[in-house]
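Below: the structure, in C-alpha cells.
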Amino acid sequence: MKQRLFLSVLCILFLMYDAVPRFQIDLTLEGAFFSLWLLFAVMALGGNLAGLFFGRRETQFITEEDLPVDLRKKQYSR
C-alpha cells in the first residue's frame with residue numbers, strides 16, 4: 001500500500017511540475033479551471049501524503065498459546 005501512495009505522490013508532483021508553468025491565474029475561464037485543478041491537485045497530494053505518513057501500522061497477532069496461563073481463562077467478572 002505504501003508503494004501505491006508513494007507512486008501517487010510522484011505522479012501528482014510530476015503533473016503539477018508540468019502544468020503550473022503553462023497556466024496563469026486570472027479572471028478568465030481558463031484561470032478558473034486552473035485554480036480549481038490546482039486546488040484538487042493539492043488536496044490529492046495532501047491526502048496521499050497523510051496516508052503515507054499516518055497510515056496503519058502493522059499489528060502483531062498473538063495466539064492463545066503465547067498468552068500466560070492466567071490470561072487464558074475466561075473471566076466473567078472483575
Side-chain angles (χ1 to χ4, degrees):
M1 175 144 167
K2 299 267 185 189
Q3 293 88 4
R4 180 187 61 85
L5 292 172
F6 184 69
L7 185 62
S8 297
V9 167
L10 287 178
C11 288
I12 291 169
L13 287 175
F14 172 74
L15 288 174
M16 290 176 71
Y17 173 77
D18 189 43
V20 169
R22 297 178 188 218
F23 293 108
Q24 296 176 358
I25 297 177
D26 51 1
L27 295 176
T28 62
L29 188 59
E30 181 181 348
F33 173 79
F34 175 66
S35 300
L36 286 175
W37 185 90
L38 191 62
L39 175 72
F40 287 132
V42 169
M43 288 173 49
L45 182 65
N48 283 308
L49 285 175
L52 192 62
F53 292 134
F54 303 112
R56 293 185 192 172
R57 300 224 183 341
E58 293 191 25
T59 58
Q60 296 178 352
F61 293 103
I62 299 174
T63 61
E64 190 172 327
E65 292 83 25
D66 295 338
L67 290 175
V69 176
D70 58 338
L71 292 178
R72 290 185 202 168
K73 298 176 187 177
K74 293 189 181 214
Q75 297 177 356
Y76 296 106
S77 64
R78 296 182 199 200

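Predicted model only: the values in this text are computed from it and were never measured. Only heavy atoms go into these numbers, but all of them, side chains included; no hydrogens, no water, no symmetry mates.
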> Distance from C11 atom SG to L45 atom CG, nearest 0.5 Å?
Replying inline: 11.5 Å
> With L5, which residues qualify under side-chain contact (heavy atoms from CB on, under 4.5 Å), at least two apart?
Replying inline: M1, N48, L52
> Does any pair with a residue in residues 29-52 pass ring-ring contact (aromatic ring centres under 6.0 Å, His included), and if so which ones, sequence neighbours excluded?
Replying inline: F23-F34
> Quick one: side-chain contact (heavy atoms from CB on, under 4.5 Å) partners of L10, sequence neighbours excluded?
Replying inline: F6
> Do you know which two heavy atoms are closest between M16 and P21, and how far apart they sit?
Replying inline: O-CD, 4.4 Å
> Under a 4.5 Å side-chain heavy-atom rule over Ile, Leu, Val, Met, Phe, Trp and Tyr, are V9 and F54 clustered together?
Replying inline: yes
> Is V42 reachable from F53 through a run of I, L, V, M, F, W or Y residues, each pair having side-chain heavy atoms under 4.5 Å apart?
Replying inline: yes
> Taking the side chain as C-beta and beyond, is there a heavy-atom pair between Q3 and L7 under 4.5 Å?
Replying inline: no
>> Please check if the number of heavy atoms outside L39 that lie under 6.0 Å from its CG is greater than 12.
In response: yes
>> Counting only heavy atoms from other residues, nucleotides and ligands, does the tally under 6.0 Å from CG of L27 exceed 12?
In response: no
> What pairs of residues pass the salt bridge (charged side-chain N to carboxylate O under 4.0 Å, His left out) test when at least one of them lies in residues 20-40, not counting sequence neighbours?
Replying inline: D18-R22
